[in-house]
Amino acid sequence: MHVLLIGSGGREHAIALALRNSPKLTRLTCAPGNAGIATVADLVAIDPADHAAVIAFCKAEGVDFVVIGPEAPLVAGLVDDLAAAGIKAFGPRKEPARLEGSKAFTKELCTEAGIPTAAYGRFDDVEAARAYVLGRGAPVVVKADGLAAGKGVVVASSVEEALDAIDACFSGAFGAAGAEVVIEDCLVGEEASFFAISDGIDVLPLAAAQDHKRVGDGDTGPNTGGMGAYSPTPVVDEAMELRIMDEIVVPTVRCLARRGTPFVGVLFAGLMIEADGPKLIEYNVRFGDPETEVLLPRLKSDLLELMLRSAEGRLSGHTTNFDERTALTVVMAANGYPGPYSKGSRIEGLDEATALPDISVFHAGTAAKDGGIVSNGGRVLAITALGDSVSEAQTKAYEAVDRIRWPDGFCRRDIGWRAVAREKAAM
Ligand code: AMP
Ligand code: GLY
């Protein structure tokens with residue numbers, strides 16, 4: 001089977017490596033890919049936003065199945081256009097992808113399906129939004145409705161900060177994404193990410209992970225795409241997983257099926273685990289990055305088989321198998337990220353890091369140059385280790401990070417700190 005993988009991040013490198021393990025795979029192509037993916041797939045320079053070009057490539061090269069990594073092509077309806085051209089793909093169509101594309105869409109679905117989430121209001125008018133915040137008080141969360149690359153959310157500790165965020169949204173700080181604003185009560189607890197896979201009717205739990213969104217140690221500084229993650233996570237034990245499935249994931253899949261817009265693909269629930277149970281913060285309609293770099297090294301089942309079953313409506317009765325050990329990943333980013341950064345600096349020591357036991361080195365923003373590897377983005381590498389505890393996985397991951405010589409990059413030194421502190425307290 002010839003698979004075309006869309007994307008260029010650490011997530012897609014992890015997906016590419018997992019797909020390579022499938023006996024069903026005969027050829028793997030990635031558009032546009034990166035220097036790590038180039039070692040396991042053919043790269044093709046197609047812009048995924050150009051759906052006609054993707055379809056033409058699939059027809060010319062006999063692509064049997066398209067796997068879409070990032071959200072933008074899903075929200076733009078690439079799966080619908082491929083289906084219309086008779087090409088099978090993994091991921092949701094445009095309408096159910098609105099779960100990620102529109103916060104207001106998700107909040108309304110929560111109301112319809114009785115899914116626990118923060119109380120909210122939605123506004124397309126600045127004065128009404130300001131009045132709501134004045135009535136509600138702080139802390140309060142202000143969100144641009146549309147896709148804003150994770151930057152459209154302000155958790156405001158004061159009313160003034162919330163009013164400033166509202167003004168920023170309506171003055172066009174997030175472009176069209178901010179034409180409508182969602183204002184939510186602030187949830188209190190520990191955040192976790194939960195992943196499940198659906199074929200539109202049936203839904204299988206995959207695993208939980210915990211991301212580290214802030215750029216600095218101790219969860220300080222601005223939000224990023226994610227600076228590190230680990231899986232599984234102690235806040236989501238078996239009982240909590242059952243509640244997340246029963247109270248949040250299954251009702252979502254049923255609701256979308258009832259509406260005639262079934263959800264096919266990976267459903268990624270961003271959750272707050274509050275004292276009385278799980279609350280939905282947001283949905284993503286794809287694998288997470290860097291969460292995939294800890295989920296897939298634990299997956300023992302055939303990923304291609306799983307994705308095909310999802311796309312073909314054959315998940316019923318299927319099960320998945322995960323390594324019991326903990327995987328922990330540390331993201332290495334270019335100095336300056338998430339602000340402005342430069343590209344093109346040389347990275348050494350990747351082979352030494354990769355050679356260590358239980359280590360995977362995933363490339364994100366990298367490019368090949370003069371026989372070596374150079375940085376080519378904000379998040380550049382994700383270094384994953386497997387260990388018998390979070391503490392052990394953390395130690396091994398940083399041993400590998402320390403083999404990498406890249407003066408223009410940095411990483412957090414405390415990935416997994418919550419779980420490590422729990423393990424220390426239990427000793
Ligand atoms: P989102 O883009 O919706 O995931 O929001 C980004 C981050 O803002 C989340 O990962 C949370 O840390 C925080 N956040 C969003 N909504 C809430 C909420 N209602 N209560 C507390 N924190 C929130
Ligand atoms: N790590 C968060 C995301 O993939 O959106």
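Numbers here simply count residues along the sequence, with the first being 1.
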Scan side-chain atoms only and decide if [X] and [Y] contain a donor-acceptor pair under the 3.5 Å cut-off.
X    : Y    : result
H2   : T29  : yes
T117 : K107 : yes
E291 : Q210 : no
R93  : T261 : no
T252 : Y283 : yes
E305 : S301 : no

Can you tell if the side chain of L206 reaches within under 4.5 Å of the side chain of L306, non-hydrogen atoms only?
yes
Donor-acceptor contact below 3.5 Å, side chain [X] vs main chain [Y]:
X    : Y    : result
D219 : R214 : no
S171 : A168 : yes
E423 : S391 : yes
T224 : P338 : no

F105 six-ring face occupied by R259 cation (under 6.0 Å, within 45°)
yes
Option passing side-chain hydrogen bond (donor to acceptor under 3.5 Å, both in side chains) with T329 (candidates T384, D289, T292, D211):
T384
Where I244 and F194 come nearest, the two heavy atoms and their spacing
CG2-CD2, 3.6 Å
